[in-house]
Protein chains: 2
Amino acid sequence: MEVTIGSKPQSEGSRKIKEHFSDKHATIKHCPVTDIIARISDKWSMHVIIFLGKAGKMRFSEMKKEIEGISQRMLTVTLRNLEEDGLITRTVYAEVPPRVEYQLTSMGESLLLQLIPLSEWANRNMEQILRSREEHILKG
Amino acid sequence: MEVTIGSKPQSEGSRKIKEHFSDKHATIKHCPVTDIIARISDKWSMHVIIFLGKAGKMRFSEMKKEIEGISQRMLTVTLRNLEEDGLITRTVYAEVPPRVEYQLTSMGESLLLQLIPLSEWANRNMEQILRSREEHILKG
DNA sequence: CAGGATCCCCCGGGATACTG
DNA sequence: CAGTATCCCGGGGGATCCTG
């Protein structure tokens, strides 16, 4: 099984960058897979990626409406993170009232494609997992 | 970055995405992918799954040594969760000193298989993501 | 050896109020 | 409309000590 999970070569950078990584992106120096999971696994990133993949292009308020339960703050934070990783683009139109549109980059789209097999696996195995959980509850 | 309808054909990825995440995934909270991601996305589950996949069978102390940085408590908690979901088995041998061995179930193995494409994607795109982050940091 | 039980800290993330 | 700026709480997870 060729799943690499371990050390990863470090890129040279300014102290500013290292400081930044040591805080916010601490997992990055350990393993790229871990980091990817870390990125898509926070409470909202995956939702944003999937909705953007479906719609192709969306405004802030649209996403706020569509993604049920997300707060304004978390939508902003999530979008900033995804943009920082180059997974989505943010386009501001100089209009009044302001209009901002988000959409997946090609890298973002390719990430979404990797989620499809996982999605299909989840659909196939969800019932068994739920049953397994129930059994353990009844035993405990 | 503009999607011109007609003149330029939709990308293969975009088409697949819209097909896959069409109606049945309309409401995210009913999407089992979310649950799966939630399970493998905690700080250690994926490490455990991958190490077990590589070794086939491991004892508690072995995993504690191999998985760098994991605490005793979190290894225990993680193993319990994975067992509860039916992704790993826990076998206790009536010996002194006690011996406990863990290994992936067939479902656990099949989940690991789904992670491989994701792993490969992560390795392919890690550098670009890092560069993107650095650029954003330098911009301020 | 393989954990249980506790204590405690940090931070992800919700609620709310304000702005260009 | 599309965000910032604060405040605040719950729980994920580390450190430590204890046990069959």
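Atoms considered below: every heavy atom in the structure, side chains included; atoms not considered: hydrogens, waters and symmetry mates. The sequence lines fix the lettering, A, B, ..., with proteins before strands; numbering per chain opens at 1.
- Within the 4.0 Å cut-off from OP1 or OP2 of C:dA2, not a single side-chain nitrogen or oxygen of B:Arg90 is found.
- Rounded to whole Å, the distance from CH2 on A:Trp44 to P on C:dC11 is 22 Å.
- One interatomic measurement links the two molecules: CD1 of A:Ile88 to P of D:dA2, which rounds to 14 Å at whole-angstrom precision.
- At C:dA2, one or more side-chain N or O atoms of B:Arg59 fall inside 4.0 Å of OP1 or OP2 (strictly under the cut-off).
- Comparing atom distances between the A:Thr76 side chain and each of C:dG13, D:dT4, C:dA2 picks out D:dT4 as nearest.
- For the pair A:Leu75 CG and C:dA15 P, the interatomic distance rounds to 14 Å; values are reported in whole Å.
- At whole-Å resolution of the value, OH in B:Tyr93 and P in C:dC1 are 17 Å apart.
- Of the candidate nucleotides C:dA2, D:dC1, C:dC1, D:dC1 has the atom lying nearest to any side-chain atom of A:Ser61.
- When the side-chain nitrogen and oxygen atoms of A:Lys43 are compared with OP1 and OP2 of C:dG14, one or more of them lie within a distance under 4.0 Å.
- Taking side-chain N and O atoms only, A:Ser71 has no distance below 4.0 Å to OP1 or OP2 of C:dG13.
- Within the 4.0 angstrom heavy-atom criterion, only backbone atoms of the sugar-phosphate kind lie near B:Tyr102; the bases stay farther away.
- The CZ-P distance, from B:Phe60 to D:dT19, rounds to 18 Å in whole Å.
- A salt bridge links A:Glu101 with A:Arg99: the closest approach of a Lys/Arg side-chain nitrogen to an acidic carboxylate oxygen falls below 4.0 angstrom.
- Among the heavy atoms of the strands lying under 4.0 Å from A:Gln72 is at least one base atom, whether or not backbone atoms are also near.
- Distance from the side chain of B:Pro97 is smallest to C:dC1 among C:dC1, C:dA2, D:dG13.
- A heavy-atom distance below 4.5 Å is not found between the side chains of B:Glu120 and A:Gln114.
- When each of B:Glu101 and A:Asp42 is assigned the nucleotide of DNA chain C with its nearest heavy atom, B:Glu101 is the one assigned upstream, toward the 5' end.
- Although no hydrogens or angles enter the test, the distance criterion places a donor-acceptor pair under 3.5 Å between the side chain of A:Thr78 and the main chain of A:Met74.
- Under a 3.5 Å cut-off, the side chain of A:Asn123 and the backbone N or O of A:Ser119 do form a donor-acceptor pair.
- Closest to the A:Val100 side chain, of the nucleotides D:dC1, D:dG3, C:dG3, is D:dG3.
- Cluster membership for B:Leu79 and B:Tyr93, using ILVMFWY side-chain heavy atoms within less than 4.5 angstrom, is not shared.
- Rounded to a whole Å, the CD atom of A:Glu62 is 13 Å from the C1' atom of D:dA2.
- Between B:Leu79 atom CG and C:dG4 atom C1' there is a gap of 14 Å when expressed in whole angstrom units.
- As rounded to whole Å, 15 Å separates atom C1' of C:dG12 from atom NE2 of A:His47.
- Projected onto DNA chain D by closest heavy-atom contact, B:Gly69 and A:Pro98 fall at different nucleotides, the more 5' of which corresponds to A:Pro98.
- Contact annotation: A:Arg73 does not reach the phosphate of C:dG12 (side-chain N/O to OP1 or OP2, under 4.0 Å).
- Few gaps surround CD on A:Glu95; more than 12 heavy atoms of other groups in view lie less than 6.0 Å from it.
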